[in-house]
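Side-chain atoms are counted along with the backbone in the values below, which use heavy atoms only and exclude waters and symmetry mates.
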Amino acid sequence: QVQLIESGGGLVQTGGSLRLSCVASGRAFSANAMAWFRQAPGKEREFVAAFRRNGADKYYADSVKGRFTVSKDSVKNTVNLQMNSLKLEDTAVYYCAATAAGLITSSMRTPNSYDYWGQGTQVTVSS
């Protein structure tokens, strides 16, 4: 069983920064794609950022481009999401997701493309 465990959420003021981490554990698992999604109360889960195994191909939602950076630490089997210049509208539960499947670019932004999910970590941005 593959487990994804997120950490690093919390309360921050507008303009502040947070760094989320996602650790993959369990049976040997090689992800071809990993992603971050978020879900605010009353809204659908939305794409935030994703990257392929090579780490070079990274994709971001327009709403976070230039403010958020996704990265991986292969030694620690960890995926990070550095969030800077946070806005009120970034408030949501953030989820880490992974899949062993090869995805076409458009599919990387779709929640249904991912097989494994973390439990989520709350990010709250206050004024």
Side-chain angles (χ1 to χ4, degrees):
Q1 176 116 13
V2 175
Q3 288 185 316
L4 302 178
I5 301 174
E6 303 100 335
S7 63
L11 175 65
V12 64
Q13 291 188 323
T14 54
S17 299
L18 280 176
R19 184 179 178 87
L20 305 184
S21 294
C22 173
V23 178
S25 64
R27 65 175 174 84
F29 172 68
S30 180
N32 273 318
M34 295 193 71
W36 288 94
F37 289 81
R38 65 187 182 187
Q39 189 166 17
K43 295 188 177 181
E44 293 186 352
R45 191 166 297 190
E46 66 170 356
F47 169 75
V48 175
F51 65 91
R52 299 185 188 279
R53 179 194 289 182
N54 63 15
D57 298 332
K58 298 181 180 180
Y59 308 91
Y60 296 94
D62 289 343
S63 59
V64 307
K65 201 172 294 183
R67 300 188 297 123
F68 291 11
T69 303
V70 65
S71 62
K72 68 172 183 177
D73 183 332
S74 299
V75 174
K76 297 181 180 179
N77 213 22
T78 300
V79 175
N80 300 308
L81 183 68
Q82 178 66 42
M83 307 187 295
N84 298 328
S85 302
L86 284 161
K87 303 177 180 180
L88 293 175
E89 52 264 41
D90 294 320
T91 294
V93 177
Y94 283 70
Y95 297 90
C96 175
T99 180
L103 301 178
I104 59 176
T105 300
S106 58
S107 295
M108 295 189 71
R109 299 171 181 265
T110 305
N112 288 344
S113 298
Y114 296 86
D115 304 306
Y116 304 101
W117 290 85
Q119 81 289 350
T121 185
Q122 176 70 48
V123 171
T124 302
V125 184
S126 65
S127 58

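Under a cut-off of 6.0 angstrom, the local environment of CD in E44 is sparse, with at most 12 non-hydrogen atoms contributed by other residues, nucleotides or ligands.
A search for ring-ring contact (aromatic ring centres under 6.0 Å, His included) contacts involving F68 returns nothing, not counting sequence neighbours.
Closest approach of V123 to M83, counting heavy atoms only: CG2-CE, 3.8 Å. Smallest separation of non-hydrogen atoms from A98 and A31: CB-CB, 4.3 Å. Taking all atoms of both residues into account, the shortest heavy-atom contact from L4 to Y116 is CD1-O, 3.4 Å. When all heavy atoms are compared, the tightest approach of S71 to F51 is O-CE2, 4.3 Å. When all heavy atoms of A35 and A50 are compared, the pair lying nearest together is CB-CB, 3.6 Å. Considering every non-hydrogen atom in both V64 and R38, the closest pair reads CG1-NH1, 4.0 Å.
Once rounded to the nearest 0.5 Å, the distance linking CG of L88 with OG of S127 reads 5.5 Å. Annotation: the span from I5 atom CD1 to S21 atom OG amounts to 12.0 Å, rounded to 0.5 Å. Taking CG from D73 and SG from C22, the interatomic distance works out to 12.5 Å, rounded to the nearest 0.5 Å. Here the CG atom belonging to L11 is positioned 8.5 Å from the OG1 atom belonging to T91, to the nearest 0.5 angstrom. If you take CG on L81 and OH on Y94, they are separated by 7.5 Å, rounding to the nearest 0.5 Å.
Cluster annotation: Y60 is connected to L18 through the hydrophobic network of ILVMFWY side chains, with a link wherever side-chain heavy atoms come within less than 4.5 Å. Transitive grouping of hydrophobic side chains (ILVMFWY, heavy atoms separated by less than 4.5 Å) keeps V93 and L20 in distinct clusters. Each of Y95 and M34 belongs to its own hydrophobic cluster when Ile, Leu, Val, Met, Phe, Trp and Tyr are linked at side-chain heavy-atom distances under 4.5 angstrom.
Contact check on D90 versus K87 returns no salt bridge, with no Lys/Arg side-chain nitrogen under 4.0 Å from an Asp/Glu carboxylate oxygen.
In this structure, the side chain of R109 does not engage the main chain of F47 through any donor-acceptor pair within 3.5 Å. Using a distance-only test at 3.5 Å, with no hydrogens or angles considered, a donor-acceptor pair links the side chain of E6 to the main chain of G120. Judged purely by atom type and a 3.5 angstrom limit, R52 uses its side chain to pair as donor or acceptor with the backbone of L103. Checked by atom type and distance alone, the side chain of T110 never pairs as donor or acceptor with a backbone atom of N112 at under 3.5 Å. Side chain of Y114 to main chain of M108: a donor-acceptor pair is present (N/O by atom type, distance under 3.5 Å, no hydrogens or angles). Side-chain atoms of S85 do not come within 3.5 Å of backbone N or O of R67 as any donor-acceptor pair.
Annotation: side chain of R45 is in contact with side chain of W117 (closest heavy-atom distance under 4.5 Å).
In the hydrophobic clustering, where aliphatic and aromatic side chains (Ile, Leu, Val, Met, Phe, Trp, Tyr) are joined below 4.5 Å either directly or transitively, V23 stands alone.
Side chain to side chain, N84 and Q82 meet the donor-acceptor criterion of an N or O pair below 3.5 Å.
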